[in-house]
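Accompanying notes for the structure given below.
Computed from a predicted model, the values in this text were never measured in an experiment. Each chain gets a letter, A, B and so on, in the order the sequences are listed, and its residues count up from 1.
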Amino acid sequence: MTSPKLISCEHCLTVQSNESPLCDFCELPVHHHTDNHGALQRAWSFLATALLLYIPANFLPIMRTTQLGTTTDSTIVGGVVLLWGHHSYLIAGIIFVASIFVPFAKFLALLSLCFAQSRVLTLSAQQKSIIYRATEFVGRWSMVDVFVVAFLTSLVQMGELMTITPGPAALAFAGMVIFTMLTANSLDPRLFWNSTHE
Amino acid sequence: MPLILCEHCSIAVTLGQLPDNHKASCPRCGHVLTRAYPNIVDRMLIFSISALLCLAISTIFGFVEMSVQGQERQVSLLDTSSRLAQNNDWILAAISLLVLIVIPSIFAALLAYLSFSLKIGQAKNSTIRLLRAISFIGFWNMCEIYFLGILVSMVKIASLAHISFGIAFYSYAFFVLFLFAAYMHFDKYQLSQLIKKSISTQQNKVLPNDLA
(Lines give C-alpha, C1' and ligand atoms only; values in the text may rest on other atoms or scores of the structure.)
Protein backbone atom coordinates (compact mmCIF):
# COMPACT_ATOMS: atom_id res chain seq x y z
CA MET A 1 0.00 0.00 0.00
CA THR A 2 2.75 2.46 0.85
CA SER A 3 4.91 3.84 -1.84
CA PRO A 4 8.20 5.20 -0.42
CA LYS A 5 8.64 7.39 -3.47
CA LEU A 6 5.69 9.67 -2.76
CA ILE A 7 6.15 12.81 -0.73
CA SER A 8 3.77 15.56 0.28
CA CYS A 9 4.79 19.23 0.22
CA GLU A 10 4.53 20.69 3.72
CA HIS A 11 3.31 24.01 2.42
CA CYS A 12 0.71 23.18 -0.20
CA LEU A 13 0.20 19.41 0.46
CA THR A 14 0.75 18.56 -3.23
CA VAL A 15 1.63 14.86 -3.51
CA GLN A 16 4.61 14.25 -5.77
CA SER A 17 7.60 11.97 -6.30
CA ASN A 18 10.60 12.71 -4.08
CA GLU A 19 13.09 13.32 -6.88
CA SER A 20 13.15 17.11 -6.88
CA PRO A 21 14.31 19.19 -3.88
CA LEU A 22 11.61 21.75 -4.66
CA CYS A 23 7.84 21.29 -4.71
CA ASP A 24 6.32 20.87 -8.19
CA PHE A 25 3.57 23.37 -7.50
CA CYS A 26 4.72 26.02 -5.03
CA GLU A 27 8.49 25.64 -5.62
CA LEU A 28 9.31 25.72 -1.90
CA PRO A 29 11.79 23.18 -0.49
CA VAL A 30 10.28 19.80 0.42
CA HIS A 31 11.10 17.98 3.66
CA HIS A 32 11.90 14.25 3.53
CA HIS A 33 11.19 13.07 7.12
CA THR A 34 13.92 10.48 7.29
CA ASP A 35 16.23 12.00 9.93
CA ASN A 36 15.34 9.83 12.93
CA HIS A 37 18.71 10.37 14.60
CA GLY A 38 18.57 14.17 14.63
CA ALA A 39 14.92 14.24 15.73
CA LEU A 40 15.71 11.85 18.56
CA GLN A 41 18.71 13.86 19.75
CA ARG A 42 16.63 16.99 19.93
CA ALA A 43 13.77 15.16 21.68
CA TRP A 44 16.10 13.66 24.31
CA SER A 45 17.79 16.99 25.07
CA PHE A 46 14.47 18.84 25.44
CA LEU A 47 13.10 16.02 27.60
CA ALA A 48 16.19 16.02 29.88
CA THR A 49 15.84 19.81 30.35
CA ALA A 50 12.15 19.39 31.20
CA LEU A 51 12.93 16.63 33.72
CA LEU A 52 15.55 18.82 35.44
CA LEU A 53 13.09 21.72 35.67
CA TYR A 54 10.46 19.36 37.09
CA ILE A 55 12.44 19.07 40.36
CA PRO A 56 12.48 22.77 41.40
CA ALA A 57 8.96 23.13 39.99
CA ASN A 58 7.66 20.71 42.59
CA PHE A 59 9.83 21.46 45.62
CA LEU A 60 10.12 25.25 45.55
CA PRO A 61 7.15 27.54 46.33
CA ILE A 62 5.09 28.60 43.31
CA MET A 63 3.22 31.43 45.08
CA ARG A 64 3.93 33.68 48.06
CA THR A 65 0.98 35.27 49.87
CA THR A 66 1.51 38.13 52.32
CA GLN A 67 -1.56 38.86 54.38
CA LEU A 68 -1.48 41.33 57.30
CA GLY A 69 2.24 40.88 57.86
CA THR A 70 2.39 37.09 57.68
CA THR A 71 3.92 35.45 54.62
CA THR A 72 2.94 31.96 53.49
CA ASP A 73 4.67 30.03 50.72
CA SER A 74 2.74 27.39 48.84
CA THR A 75 4.05 24.67 46.57
CA ILE A 76 1.95 23.03 43.85
CA VAL A 77 1.05 20.01 45.97
CA GLY A 78 0.52 22.24 49.02
CA GLY A 79 -1.88 24.42 47.01
CA VAL A 80 -4.02 21.43 46.02
CA VAL A 81 -4.12 20.14 49.62
CA LEU A 82 -5.09 23.62 50.87
CA LEU A 83 -7.90 23.97 48.31
CA TRP A 84 -9.19 20.50 49.17
CA GLY A 85 -9.19 21.47 52.85
CA HIS A 86 -11.23 24.60 51.97
CA HIS A 87 -13.80 22.34 50.25
CA SER A 88 -13.11 23.80 46.77
CA TYR A 89 -13.17 20.32 45.29
CA LEU A 90 -13.68 21.39 41.67
CA ILE A 91 -10.72 23.79 41.64
CA ALA A 92 -8.59 21.34 43.61
CA GLY A 93 -9.49 18.74 40.98
CA ILE A 94 -8.60 21.03 38.04
CA ILE A 95 -5.24 21.99 39.58
CA PHE A 96 -4.48 18.38 40.52
CA VAL A 97 -5.18 17.11 37.01
CA ALA A 98 -3.44 20.01 35.23
CA SER A 99 -0.38 20.42 37.46
CA ILE A 100 0.32 17.01 38.96
CA PHE A 101 -1.35 14.23 36.99
CA VAL A 102 -0.91 15.55 33.41
CA PRO A 103 2.82 16.46 33.70
CA PHE A 104 3.59 13.10 35.31
CA ALA A 105 1.64 11.15 32.68
CA LYS A 106 3.20 13.26 29.95
CA PHE A 107 6.71 12.45 31.17
CA LEU A 108 5.88 8.74 31.17
CA ALA A 109 4.45 9.00 27.65
CA LEU A 110 7.37 11.02 26.24
CA LEU A 111 9.93 8.76 27.94
CA SER A 112 8.31 5.65 26.47
CA LEU A 113 8.21 7.27 23.00
CA CYS A 114 11.87 8.30 23.21
CA PHE A 115 12.94 4.88 24.50
CA ALA A 116 10.90 3.18 21.79
CA GLN A 117 12.51 5.33 19.09
CA SER A 118 15.97 4.54 20.58
CA ARG A 119 15.04 0.84 20.32
CA VAL A 120 15.27 0.22 24.06
CA LEU A 121 11.56 -0.40 24.36
CA THR A 122 9.34 -2.18 21.83
CA LEU A 123 6.06 -0.49 20.95
CA SER A 124 4.03 -0.94 17.80
CA ALA A 125 3.70 2.05 15.47
CA GLN A 126 -0.02 2.07 16.26
CA GLN A 127 0.64 2.37 20.02
CA LYS A 128 3.20 5.10 19.48
CA SER A 129 0.72 7.08 17.38
CA ILE A 130 -1.96 6.88 20.06
CA ILE A 131 0.47 7.98 22.81
CA TYR A 132 1.75 10.81 20.62
CA ARG A 133 -1.70 12.15 19.86
CA ALA A 134 -2.68 12.07 23.54
CA THR A 135 0.42 14.03 24.65
CA GLU A 136 0.02 16.53 21.83
CA PHE A 137 -3.54 17.30 22.87
CA VAL A 138 -3.27 17.37 26.65
CA GLY A 139 0.20 18.73 27.44
CA ARG A 140 -0.47 22.46 27.06
CA TRP A 141 -3.17 22.49 29.74
CA SER A 142 -0.52 22.15 32.48
CA MET A 143 0.21 25.86 31.99
CA VAL A 144 -2.96 26.68 33.92
CA ASP A 145 -1.20 26.92 37.28
CA VAL A 146 1.43 29.33 35.95
CA PHE A 147 -1.31 31.56 34.53
CA VAL A 148 -3.19 31.47 37.84
CA VAL A 149 -0.06 32.76 39.61
CA ALA A 150 0.59 35.39 36.93
CA PHE A 151 -2.96 36.70 37.04
CA LEU A 152 -3.23 36.70 40.84
CA THR A 153 0.08 38.58 41.07
CA SER A 154 -1.16 41.32 38.75
CA LEU A 155 -4.52 41.57 40.52
CA VAL A 156 -3.73 41.17 44.22
CA GLN A 157 -1.35 44.04 45.06
CA MET A 158 -2.91 45.68 48.11
CA GLY A 159 0.15 46.43 50.17
CA GLU A 160 -0.07 45.36 53.82
CA LEU A 161 -3.59 44.05 53.39
CA MET A 162 -2.86 41.30 50.89
CA THR A 163 -0.09 40.86 48.35
CA ILE A 164 0.66 37.88 46.12
CA THR A 165 4.05 37.40 44.46
CA PRO A 166 5.24 34.52 42.28
CA GLY A 167 7.70 31.99 43.70
CA PRO A 168 10.68 30.52 41.83
CA ALA A 169 8.72 27.38 40.93
CA ALA A 170 6.41 29.38 38.64
CA LEU A 171 9.14 29.95 36.06
CA ALA A 172 10.56 26.44 36.47
CA PHE A 173 7.11 25.01 35.87
CA ALA A 174 6.48 27.22 32.82
CA GLY A 175 9.86 26.17 31.42
CA MET A 176 9.06 22.53 32.06
CA VAL A 177 5.78 22.70 30.12
CA ILE A 178 7.43 24.57 27.23
CA PHE A 179 10.25 22.01 27.01
CA THR A 180 7.83 19.06 27.02
CA MET A 181 5.93 20.78 24.19
CA LEU A 182 9.21 21.16 22.30
CA THR A 183 9.94 17.46 22.90
CA ALA A 184 6.60 16.42 21.44
CA ASN A 185 7.17 18.83 18.55
CA SER A 186 10.55 17.32 17.65
CA LEU A 187 9.27 13.75 17.64
CA ASP A 188 8.00 13.30 14.09
CA PRO A 189 5.14 10.74 14.06
CA ARG A 190 6.02 9.78 10.47
CA LEU A 191 9.23 8.24 11.80
CA PHE A 192 7.24 5.80 13.97
CA TRP A 193 5.96 4.20 10.78
CA ASN A 194 9.16 4.48 8.74
CA SER A 195 11.00 2.18 11.15
CA THR A 196 8.37 -0.57 10.81
CA HIS A 197 9.27 -1.50 7.25
CA GLU A 198 13.00 -1.09 7.59
CA MET B 1 -8.92 11.43 -7.83
CA PRO B 2 -7.18 13.70 -5.32
CA LEU B 3 -4.34 12.10 -3.38
CA ILE B 4 -3.38 13.00 0.17
CA LEU B 5 -0.51 11.78 2.35
CA CYS B 6 -1.36 11.22 6.02
CA GLU B 7 0.46 13.84 8.12
CA HIS B 8 1.16 11.27 10.84
CA CYS B 9 2.16 8.11 8.98
CA SER B 10 2.80 9.18 5.34
CA ILE B 11 0.47 6.60 3.83
CA ALA B 12 -1.06 7.67 0.50
CA VAL B 13 -4.86 7.88 0.53
CA THR B 14 -7.19 8.58 -2.41
CA LEU B 15 -10.01 10.82 -1.32
CA GLY B 16 -13.44 10.43 -2.82
CA GLN B 17 -16.03 13.20 -2.79
CA LEU B 18 -16.38 14.10 0.90
CA PRO B 19 -19.91 15.26 1.90
CA ASP B 20 -20.21 18.45 4.02
CA ASN B 21 -19.59 18.07 7.76
CA HIS B 22 -17.90 14.70 7.25
CA LYS B 23 -14.31 13.85 8.05
CA ALA B 24 -11.83 11.50 6.40
CA SER B 25 -9.56 9.49 8.72
CA CYS B 26 -6.35 7.68 7.89
CA PRO B 27 -7.04 3.94 7.42
CA ARG B 28 -3.73 3.00 9.06
CA CYS B 29 -3.17 5.32 12.04
CA GLY B 30 -6.57 6.95 12.49
CA HIS B 31 -5.32 10.55 12.18
CA VAL B 32 -7.99 12.90 10.81
CA LEU B 33 -6.90 13.74 7.26
CA THR B 34 -9.44 16.43 6.47
CA ARG B 35 -12.88 17.74 7.41
CA ALA B 36 -15.28 19.17 4.85
CA TYR B 37 -17.09 22.28 6.09
CA PRO B 38 -19.70 24.09 4.03
CA ASN B 39 -18.76 27.74 3.31
CA ILE B 40 -15.40 27.22 4.97
CA VAL B 41 -13.94 30.56 3.78
CA ASP B 42 -16.96 32.64 4.82
CA ARG B 43 -17.12 31.03 8.22
CA MET B 44 -13.40 31.48 8.88
CA LEU B 45 -13.61 35.12 7.82
CA ILE B 46 -16.64 35.87 10.03
CA PHE B 47 -15.25 34.13 13.10
CA SER B 48 -11.77 35.62 12.85
CA ILE B 49 -13.05 39.16 12.31
CA SER B 50 -15.48 38.78 15.22
CA ALA B 51 -12.56 37.55 17.33
CA LEU B 52 -10.47 40.60 16.42
CA LEU B 53 -13.35 42.96 17.27
CA CYS B 54 -13.87 41.28 20.65
CA LEU B 55 -10.16 41.57 21.41
CA ALA B 56 -10.22 45.26 20.54
CA ILE B 57 -13.15 45.80 22.93
CA SER B 58 -11.31 43.85 25.64
CA THR B 59 -8.34 46.19 25.58
CA ILE B 60 -10.47 49.31 26.11
CA PHE B 61 -12.71 48.45 29.07
CA GLY B 62 -12.05 47.27 32.63
CA PHE B 63 -11.34 43.59 33.03
CA VAL B 64 -11.79 42.61 36.68
CA GLU B 65 -12.43 44.69 39.79
CA MET B 66 -11.71 43.47 43.28
CA SER B 67 -12.41 45.00 46.66
CA VAL B 68 -11.09 44.01 50.07
CA GLN B 69 -12.23 45.88 53.19
CA GLY B 70 -13.11 49.05 51.33
CA GLN B 71 -9.97 49.07 49.18
CA GLU B 72 -10.76 48.78 45.50
CA ARG B 73 -8.55 47.73 42.65
CA GLN B 74 -9.31 47.50 38.98
CA VAL B 75 -7.20 45.84 36.32
CA SER B 76 -7.47 46.04 32.56
CA LEU B 77 -6.27 43.42 30.13
CA LEU B 78 -2.97 45.23 29.53
CA ASP B 79 -2.43 45.69 33.29
CA THR B 80 -2.05 41.91 33.66
CA SER B 81 1.46 42.20 32.24
CA SER B 82 2.39 45.82 33.07
CA ARG B 83 1.84 45.22 36.81
CA LEU B 84 4.08 42.15 36.68
CA ALA B 85 6.74 44.23 34.94
CA GLN B 86 6.49 46.87 37.70
CA ASN B 87 7.27 44.11 40.21
CA ASN B 88 10.32 43.16 38.11
CA ASP B 89 8.82 39.79 37.17
CA TRP B 90 9.92 40.40 33.61
CA ILE B 91 9.63 36.86 32.30
CA LEU B 92 6.13 36.31 33.69
CA ALA B 93 5.14 39.73 32.32
CA ALA B 94 6.42 38.73 28.88
CA ILE B 95 4.63 35.38 29.04
CA SER B 96 1.35 37.10 30.02
CA LEU B 97 1.61 39.65 27.23
CA LEU B 98 2.48 37.01 24.63
CA VAL B 99 -0.17 34.51 25.67
CA LEU B 100 -3.05 36.91 26.31
CA ILE B 101 -2.59 39.44 23.52
CA VAL B 102 0.34 39.15 21.10
CA ILE B 103 0.10 35.51 19.96
CA PRO B 104 -3.73 35.29 19.74
CA SER B 105 -4.02 38.63 17.91
CA ILE B 106 -1.43 37.61 15.30
CA PHE B 107 -3.20 34.26 15.07
CA ALA B 108 -6.62 35.84 14.49
CA ALA B 109 -5.17 38.38 12.05
CA LEU B 110 -3.48 35.65 9.96
CA LEU B 111 -6.71 33.61 9.87
CA ALA B 112 -8.62 36.73 8.79
CA TYR B 113 -6.02 37.62 6.14
CA LEU B 114 -5.99 34.08 4.71
CA SER B 115 -9.77 33.82 4.49
CA PHE B 116 -10.08 37.35 3.10
CA SER B 117 -7.57 36.74 0.32
CA LEU B 118 -9.43 33.54 -0.60
CA LYS B 119 -12.78 35.35 -0.42
CA ILE B 120 -11.71 37.96 -2.98
CA GLY B 121 -9.92 35.29 -5.03
CA GLN B 122 -6.51 36.93 -4.73
CA ALA B 123 -4.44 34.08 -3.23
CA LYS B 124 -0.76 34.54 -4.16
CA ASN B 125 2.11 32.09 -4.18
CA SER B 126 3.09 33.51 -0.79
CA THR B 127 -0.38 32.69 0.60
CA ILE B 128 0.67 29.04 0.66
CA ARG B 129 3.27 29.82 3.34
CA LEU B 130 0.47 31.03 5.62
CA LEU B 131 -0.79 27.46 6.10
CA ARG B 132 2.34 26.40 7.95
CA ALA B 133 2.65 29.72 9.77
CA ILE B 134 -0.91 29.39 11.10
CA SER B 135 -0.36 25.76 12.17
CA PHE B 136 2.78 26.83 14.02
CA ILE B 137 1.15 29.72 15.83
CA GLY B 138 -1.91 27.57 16.58
CA PHE B 139 0.37 25.10 18.35
CA TRP B 140 1.67 27.84 20.68
CA ASN B 141 -1.62 29.67 21.15
CA MET B 142 -2.71 29.22 24.78
CA CYS B 143 -5.18 32.05 25.42
CA GLU B 144 -7.98 29.60 26.28
CA ILE B 145 -5.74 28.07 28.95
CA TYR B 146 -4.95 31.51 30.38
CA PHE B 147 -8.67 32.19 30.46
CA LEU B 148 -9.24 29.00 32.46
CA GLY B 149 -6.43 30.18 34.75
CA ILE B 150 -8.28 33.49 35.29
CA LEU B 151 -11.47 31.61 36.21
CA VAL B 152 -9.54 29.41 38.64
CA SER B 153 -7.90 32.44 40.30
CA MET B 154 -11.30 34.12 40.68
CA VAL B 155 -12.60 31.11 42.58
CA LYS B 156 -9.40 30.94 44.63
CA ILE B 157 -9.74 34.47 46.01
CA ALA B 158 -13.55 34.61 46.04
CA SER B 159 -13.57 33.91 49.79
CA LEU B 160 -11.04 36.69 50.51
CA ALA B 161 -12.31 39.52 48.34
CA HIS B 162 -15.34 40.75 46.43
CA ILE B 163 -14.89 40.28 42.69
CA SER B 164 -16.82 41.87 39.83
CA PHE B 165 -16.26 41.37 36.11
CA GLY B 166 -16.01 44.21 33.60
CA ILE B 167 -17.09 44.35 29.94
CA ALA B 168 -13.58 43.34 28.87
CA PHE B 169 -13.89 40.05 30.72
CA TYR B 170 -17.00 39.00 28.80
CA SER B 171 -15.69 40.20 25.44
CA TYR B 172 -12.45 38.28 26.06
CA ALA B 173 -14.53 35.16 26.69
CA PHE B 174 -16.19 35.68 23.30
CA PHE B 175 -12.79 36.34 21.74
CA VAL B 176 -11.56 32.93 22.95
CA LEU B 177 -14.71 31.25 21.59
CA PHE B 178 -14.59 32.97 18.17
CA LEU B 179 -10.89 32.27 17.77
CA PHE B 180 -11.51 28.60 18.53
CA ALA B 181 -14.37 28.51 16.01
CA ALA B 182 -12.19 30.14 13.33
CA TYR B 183 -9.32 27.71 13.97
CA MET B 184 -11.74 24.76 13.86
CA HIS B 185 -12.43 25.65 10.22
CA PHE B 186 -8.71 25.84 9.46
CA ASP B 187 -8.45 22.59 7.54
CA LYS B 188 -5.08 22.55 5.81
CA TYR B 189 -6.15 20.21 3.02
CA GLN B 190 -9.38 22.03 2.07
CA LEU B 191 -7.65 25.40 2.20
CA SER B 192 -4.62 24.23 0.21
CA GLN B 193 -6.98 23.03 -2.54
CA LEU B 194 -8.73 26.42 -2.57
CA ILE B 195 -5.43 28.31 -2.68
CA LYS B 196 -4.15 26.14 -5.53
CA LYS B 197 -7.37 26.64 -7.51
CA SER B 198 -7.21 30.39 -6.96
CA ILE B 199 -3.56 30.61 -8.07
CA SER B 200 -4.18 28.38 -11.08
CA THR B 201 -7.08 30.44 -12.38
CA GLN B 202 -5.17 33.72 -11.92
CA GLN B 203 -1.99 32.55 -13.64
CA ASN B 204 -3.44 30.04 -16.09
CA LYS B 205 -1.02 27.62 -14.49
CA VAL B 206 -1.44 23.89 -15.07
CA LEU B 207 -3.46 22.37 -12.27
CA PRO B 208 -1.56 19.82 -10.20
CA ASN B 209 -2.90 16.37 -11.07
CA ASP B 210 -4.24 15.73 -7.57
CA LEU B 211 -6.77 18.54 -7.84
CA ALA B 212 -10.38 17.51 -8.20
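Judged by distance alone, with hydrogens and angles left aside, the side-chain atoms of B/R132 form no donor-acceptor pair with the main-chain N or O of A/E10 at under 3.5 Å. At least one donor-acceptor pair under 3.5 Å links the side chain of A/R140 to the backbone N or O of B/N141.
Top candidate by heavy-atom pairs under 4.5 Å with chain B, chosen from A/T153, A/L155, A/I94, A/V146, is A/L155. Ranked by non-hydrogen atom pairs under 4.5 Å with chain A, the options B/Q86, B/R129, B/M154 are led by B/R129. Taking A/A170, A/S129, A/A150 one by one and counting their heavy-atom pairs under 4.5 Å with chain B, the maximum is reached by A/A150. The most heavy-atom pairs under 4.5 Å with chain B, out of A/Q126, A/M158, A/E136, come from A/M158. Most heavy-atom pairs under 4.5 Å with chain B: of the set A/L171, A/L83, A/L90, this distinction falls to A/L171.
Looking at B/F147, neither its backbone nor its side chain comes within 4.5 Å of chain A, counting heavy atoms on both sides.
Checked against the 6.0 Å centroid threshold, B/H8 and A/F192 do not count as a close aromatic pair.
Counting heavy atoms of neighbouring residues, nucleotides and ligands inside a 6.0 Å radius, atom CZ of B/F174 does not exceed 12 of them.
When all heavy atoms are compared, the tightest approach of A/F151 to B/Y146 is N-OH, 3.9 Å.
Interatomic distance, B/I195 CD1 to A/C12 SG, rounded to the nearest 0.5 Å: 9.0 Å.
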